[in-house]
Enquirer: 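My questions will all concern the structure given below.
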Amino acid sequence: MGTVKRTEETDDRPPASLEETIADGGTIAGDEASADTPFGTVSSGTMSRRDRYEMLVNEWVVAPFKILWSDWRARVGSLIILAYVLMGTVGVRVVDPPRVGEGDRLVSPFEDLSHPLGTDNMGNDIFAQIVHATPPMLEMIVAGAVFTTVMAVVVGTLSGYKGGRTDQLLMTFNDILMTIPGLPLVIVIAVILEPRSPWLVGVIITVNAWAGLARAIRSQVLTLREESYVEASRLMGISTPQIVMKDIMPGLMPYILVNFVNSARSVIFASVGLYFLGILPFTELNWGVMMNLSYETGGALYTWETAHWLLAPMITIVILSFGLILFSQGTDRVFNPRVRARHTSAADPEEGDDDMSGEVATHIRG
Amino acid sequence: MINKYYIERTAQAVFTVFAVVTMTFGMIRLMPGGPVSYIRSQLVQQQGNQVDMEQVNALVEVYTNVAPDDPLYVQYLEYMTSLLQGDLGVSMFYNDPVTMILASAAPWTVFVMSISLVLTFGLGITLGAVMAYIEGSRFDVSTTLVSIFLNSIPYYVMAIVLVYILGYQFNWFPTGGRVSSEVATGMNLAFLQSAFYHAALPIASLVITGFGIQALAMRGNSIRVLGEDYIRVARLRGLAPHDIALRYVGRNAILPMYTGMMIAIGFMFGGSVILEEIFAYPGIGYYMFRGIMARDYPLMMGAFLIITIAVVVGIYVADLTYGKLDPRAGSGGGNREAY
């Protein structure tokens, strides 16, 4: 926690106690103060700016990273995601875009080094197709996941915390959106609008996907708002936005992050599905387009010769979504206050998160 | 109290359908390049030089239930009235009333989806509960991993793999249709057998890719509930272990899964568009896809409406059973303090 200095304004006790506190690192400052004056001693300790930044970095960057890395699922998950991001950014510069007739037709995979995954029926390199389909996919995922998360958090927290009329109104609207099955709605909109920009596709795909998350967040907020610390803040007259930001949001963070990753996954599922069906216009390379072409090619399903063409994009999708799920399972722990506190105070990647460690919870909020 | 909850819930379901219909109308009528203007231009093209606008508009009205020349509110009212009479327009591709096409398709989709739903949740809940009880065991760890992996396969990828390998390559399962053509329709054994046989792969693709996430959810819920004080109290009271397992842990762990189930209902019915196309299984989704490909807007919109209504009804039923399981559901809603 660093050194704690007493300020004169908040505490007017004799200086003897000040030295005492500094001497032992200030850890018992609170206890001492409360013994003397039971009220108004909560903020008796202040930190220098540098300490505060150090603590912030520790709390928001170092600790989460350490926890993340200590969990193998998160480790594998983030490596997979990183690989796809690299494929979409560096990969497209390294690997040449696929060209018709650059190789023989339907070369089997793992036979020719220049076509590691083989070629399709037009001689296009399949690996190059997969790599060059990544950037629009990533754009789509980001657009969809950000849209979902922002909408859900805003609607969910507002509705859950405010309650009353606001809640009723928002939830009626939310429930209608939630009930409409996503895929058909997206299809209808996509057919009519024919979106071409990946960003727009991402948003259209999640046009009502956020509603379910908003409801889930709302019910989380409903539980959180009955917590004693939230009630305490309210009784102290702290404003609603402040309470939502400081007391409610930290409790929601694991939920939000996990669902950010989950919505990323559902964007992949839906967009590839739509490209596979041929409902979204084939403007760019996409794994779904590859699946569509290999699936629709005459007689492809009756032979094993085109299997690699069909399987390559499917495996690509499965690995990415596997990575995303692992990551979301792993990150579940990052924001868990109990695990987190252990890492903030001591960099000790300990396993297990279900023991009661009450003293560290106060540390976090203090 | 409970009655009020039911009434409110029913009203909400009706209102949802109403809102969706209104939205559909908006999409048909108002979107630039939307169905009405599309059909109109199609008809104008067909008739060549001697375009009779009145005739064209009359045809548009037959197809979509929207008369493009009337004022908007009249169009809306007419659209609503014809829907209430069960008239969804006429399919341009099949040249049959949309209602007729979809009425014959709907039971099949409901058949496949409800079995998938029951299997997915039955399997998921059972497995999740077992995993939670032996948390940390080798079975738990490996099942968790398998669940995660299966869940990362999109259901249509699983469907393609199944139909490709088991259907086309090995010929173990049919690659299309609802029942074999040799079987007489009716409630006889051969018919049912054939129906299940044809539905096996679609159901399998949904269940295999879906039960994992439910098992993990159930596992998480159960572990959380097992740590609650009231479980400790129940144990101290000397209640029988299976009583605790079912009435305390099971019940409280299953309740949060209802949200997941409602989402799954929409997900599965919505997914029927892709799934039924892959298996050439003539359900609502299949016809919706046909409608899209042929730019047959009446069929497409009709299928969209029917799928939505099916989901609304499914969620409504789930909600009512939730009220039965959770005594708090009936009373909790209205009397929370508003800040």
Enquirer: Which is it for Met178(A) and Ile315(B) under the side-chain contact (heavy atoms from CB on, under 4.5 Å) test, yes or no, and what are the steps along the way?
Expert: CA-CA 10 Å; Met178(A) 198 171 115; Ile315(B) 290 178; 5.9 Å; no
Enquirer: Identify which of Ile265(B), Ile309(B), Ile307(B) forms the greatest number of heavy-atom pairs closer than 4.5 Å to chain A.
Expert: Ile307(B)
Enquirer: Can you say whether Glu194(A) sits under 4.5 Å from chain B via the side chain, the backbone, both, or neither, judging by heavy atoms?
Expert: side chain
Enquirer: Thr308(B) versus Thr179(A): any side-chain heavy-atom pair under 4.5 Å?
Expert: no
Enquirer: Roughly how far, to the nearest 0.5 Å, is CE of Met288(B) from CG of Leu183(A)?
Expert: 8.0 Å
Enquirer: Between Phe276(A) and Val157(B), is there a side-chain heavy-atom distance shorter than 4.5 Å?
Expert: no
Enquirer: Please determine, among Leu145(B), Val273(B), Thr144(B), Asn151(B), the option with the most heavy-atom pairs under 4.5 Å with chain A.
Expert: Asn151(B)
Enquirer: Less than 4.5 Å to any heavy atom of chain A: does that hold for the side chain of Met23(B), its backbone, both, or neither?
Expert: side chain
Enquirer: Rounded to the nearest 0.5 Å, what separates atom CD1 in Ile317(A) from atom CD1 in Ile153(B)?
Expert: 11.0 Å
Enquirer: Find the one option among Ile278(B), Val17(B), Leu216(B), Val161(B) whose heavy-atom pairs under 4.5 Å with chain A are most numerous.
Expert: Ile278(B)
Enquirer: Which answer fits Ile315(A), side chain, backbone, both or neither, if we ask what part of it has an atom under 4.5 Å from a heavy atom of chain B?
Expert: neither
Enquirer: Check for a donor-acceptor pair, side chain of Ser152(B) on one end and backbone N or O of Ser321(A) on the other, with a separation under 3.5 Å.
Expert: no
Enquirer: Measure Tyr316(B) against the heavy atoms of chain A and call it side chain, backbone, both or neither at under 4.5 Å.
Expert: neither
Enquirer: If every non-hydrogen atom of Met293(B) is compared with every non-hydrogen atom of Leu277(A), which pair is closest and at what distance?
Expert: CE-O, 3.8 Å
Enquirer: Side chain from CB out, backbone as N, CA, C, O: work out which of these in Val186(A) comes under 4.5 Å of a heavy atom of chain B, or both, or neither.
Expert: neither
Enquirer: Check each atom of Leu177(A) against the heavy atoms of chain B and say whether the ones under 4.5 Å are side chain, backbone, both or neither.
Expert: neither
Enquirer: Please round to the nearest 0.5 Å and tell me the distance separating atom CG of Leu150(B) and atom CZ of Phe322(A).
Expert: 9.5 Å
Enquirer: Taking side chain as everything from C-beta outward and backbone as N, CA, C, O, which of these in Val20(B) sits under 4.5 Å from a heavy atom of chain A? Side chain, backbone, both or neither.
Expert: side chain
Enquirer: Check whether Val163(B) gets within reach of chain A through its side chain, its backbone, both or neither, counting any heavy atom under 4.5 Å.
Expert: side chain
Enquirer: Any chance CZ of Phe149(B) has more than 12 other-residue heavy atoms, nucleotides or ligands included, within less than 6.0 Å?
Expert: no
Enquirer: Which bit of Thr172(A) is near chain B, if near means a heavy-atom gap under 4.5 Å: side chain, backbone, both or neither?
Expert: side chain
Enquirer: State, with a plain yes or no, whether a side-chain heavy atom of Val272(A) is found less than 4.5 Å away from one of Pro154(B).
Expert: no
Enquirer: Which distance, rounded to the nearest 0.5 Å, do you find between the CD1 of Ile160(B) and the CE of Met314(A)?
Expert: 5.5 Å
Enquirer: Specify which of Gly167(B), Ala19(B), Gly270(B) makes the most heavy-atom pairs with chain A at under 4.5 Å.
Expert: Gly270(B)
Enquirer: Can you tell me how far the CZ atom of Phe15(B) sits from the CG atom of Asp175(A), to the nearest 0.5 Å?
Expert: 11.0 Å
Enquirer: Parallel, tilted or perpendicular: which describes the rings of Phe269(A) and Tyr156(B), with under 30° parallel and over 60° perpendicular?
Expert: perpendicular
Enquirer: Could you tell me which portion of Ile292(B) (side chain, backbone, both or neither) has an atom closer than 4.5 angstrom to a non-hydrogen atom of chain A?
Expert: side chain
Enquirer: I'd like to know which of Leu326(A), Leu311(A), Ile180(A) tops the heavy-atom pair count under 4.5 Å against chain B.
Expert: Ile180(A)
Enquirer: Please check if the number of heavy atoms outside Tyr168(B) that lie under 6.0 Å from its OH is greater than 12.
Expert: yes
